[in-house]
J.: 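Quick one: structure below, then a few questions.
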Amino acid sequence: MKNIVLTGFMGTGKTAVGKILSQRLGFSLVDVDTEIEREQDTTITDIFKRLGEPVFRDIESAIIKKLSSLKNVVLSTGGGAVLRAENMDALRKNGIIVCLTASPEVILRRTSSNKDRPLLQTDNPLQKINELYTFRKPYYDAADLIIDTDDMSPLQVAEEIIRAIDSKE
Ligand code: S3P
């Protein structure tokens with residue numbers, strides 16, 4: 001069986017769904033942001049602050065290239081990983097791309113209590129979410145499977161992914 005690659009905007013539940021999904025499938029969960037922080041020995045926020053987003057994207061691509069050769073994993077990616085074709089080409093070789101979506105209001109609610117997302121630390125995060133989402137939508141839409149998580153728990157989303165994969169096999 002191929003890897004499951006979770007993509008989607010910040011706050012769509014990739015990490016929470018990834019945990020349940022990996023347990024259900026007997027796969028390991030690999031979180032790209034966690035691997036970046038481990039390798040760089042610092043936080044995503046610090047990388048954005050000290051080095052800027054373009055350098056973060058280069059680090060992200062290098063890690064994705066490395067992780068995409070793993071087998072039997074659920075790979076949870078950061079919300080901007082879809083933006084580079086090289087990332088998606090690498091992940092697609094051995095993975096099914098599953099994109100989680102949510103409405104901007106739900107994303108705001110799910111992300112507002114946490115300061116770990118440098119791109120949303122602005123005076124008007126809802127406007128920023130809308131801007132980023134509009135730009136990124138075509139990249140998210142290129143997934144093999146798209147699931148709207150607005151009214152679903154992480155467990156329901158994980159079960160829906162398993163159902164959809166089973167029916168495609
Ligand atoms: C980002 C999403 C974050 C993290 C970084 C940039 C983005 O990951 O990679 O802050 O560009 O959408 P999550 O989607 O896991 O929050």
Side-chain angles (χ1 to χ4, degrees), residues 3-22 28-68 70 73-88 90-91 95 97-143 145-150 152-154 157-158 161:
N3 294 333
I4 307 292
V5 178
L6 296 176
T7 64
F9 204 82
M10 297 169 266
T12 51
K14 294 168 298 217
T15 305
V17 170
K19 279 184 191 149
I20 300 168
L21 192 58
S22 57
S28 303
L29 174 65
V30 180
D31 184 282
V32 174
D33 282 347
T34 305
E35 294 305 314
I36 292 173
E37 292 187 331
R38 198 202 312 269
E39 198 205 63
Q40 297 289 313
D41 198 21
T42 187
T43 61
I44 302 289
T45 299
D46 179 60
I47 298 172
F48 266 79
K49 214 185 315 174
R50 272 190 308 112
L51 305 172
E53 183 172 349
V55 174
F56 171 78
R57 296 295 171 206
D58 289 343
I59 296 169
E60 183 178 48
S61 293
I63 296 255
I64 286 176
K65 196 172 167 196
K66 222 169 3 177
L67 297 177
S68 58
L70 296 172
V73 291
V74 173
L75 253 169
S76 175
T77 63
V82 294
L83 297 171
R84 285 198 180 173
E86 63 179 283
N87 296 345
M88 300 320 289
L91 291 166
I97 313 293
V98 179
C99 182
L100 307 185
T101 68
S103 63
E105 291 72 22
V106 169
I107 288 171
L108 180 68
R109 176 160 52 73
R110 291 185 190 158
T111 55
S112 59
S113 62
N114 158 331
K115 299 261 174 289
D116 297 341
R117 295 187 172 95
L119 293 174
L120 300 184
Q121 304 313 305
T122 70
D123 292 342
N124 191 341
L126 184 58
Q127 187 186 331
K128 186 73 184 176
I129 290 166
N130 276 309
E131 277 169 25
L132 288 172
Y133 217 126
T134 303
F135 179 78
R136 291 178 178 183
K137 189 170 183 309
Y139 298 90
Y140 292 134
D141 283 351
L145 175 66
I146 298 176
I147 298 182
D148 178 2
T149 68
D150 265 8
M152 286 168 93
S153 68
V157 176
I161 293 171

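When a ligand or atom number is given, it counts from 1 through the structure's own listing order.
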J.: Give the contacting part of E53 toward ligand 1: side chain, backbone, both or neither, where contact means a heavy-atom distance below 4.0 Å.
T.: neither

J.: Out of N114, L132, I44, V32, indicate the one that has the non-hydrogen atom closest to atom 5 (C) of ligand 1.
T.: I44

J.: Please report which non-hydrogen protein atom sits nearest to atom 16 (O) of ligand 1, along with the residue it belongs to and the distance in Å to one decimal place.
T.: R117 NE, 2.7 Å

J.: Between L119 and ligand 1, which residue portion shows a heavy-atom distance shorter than 4.0 Å: side chain, backbone, both, or neither?
T.: side chain

J.: In plain terms, say whether R84 and D58 are close enough for a salt bridge, that is, a side-chain N and a carboxylate O under 4.0 Å apart.
T.: yes

J.: Are any of the N/O atoms in K14 less than 3.5 Å from those in ligand 1?
T.: yes

J.: Among R57, M10, R110, E60, which one puts a heavy atom closest to atom 11 (O) of ligand 1?
T.: R57

J.: Compute the shortest N/O to N/O distance between D33 and ligand 1 and return yes if it is under 3.5 Å, no if not.
T.: yes

J.: Between R136 and ligand 1, which part of the residue brings a heavy atom under 4.0 Å of the ligand: side chain, backbone, both or neither?
T.: side chain

J.: Strictly under 4.0 Å, does any heavy atom of Q121 approach an atom of ligand 1?
T.: no

J.: Answer yes when E53 and R57 have at least one side-chain N-carboxylate O distance shorter than 4.0 Å, and no when they do not.
T.: yes

J.: Would a 4.5 Å heavy-atom cut-off, applied to side chains only, mark Y139 and T7 as touching?
T.: no

J.: Angle class for the F9/Y133 ring planes (parallel below 30°, perpendicular above 60°, tilted otherwise)?
T.: parallel

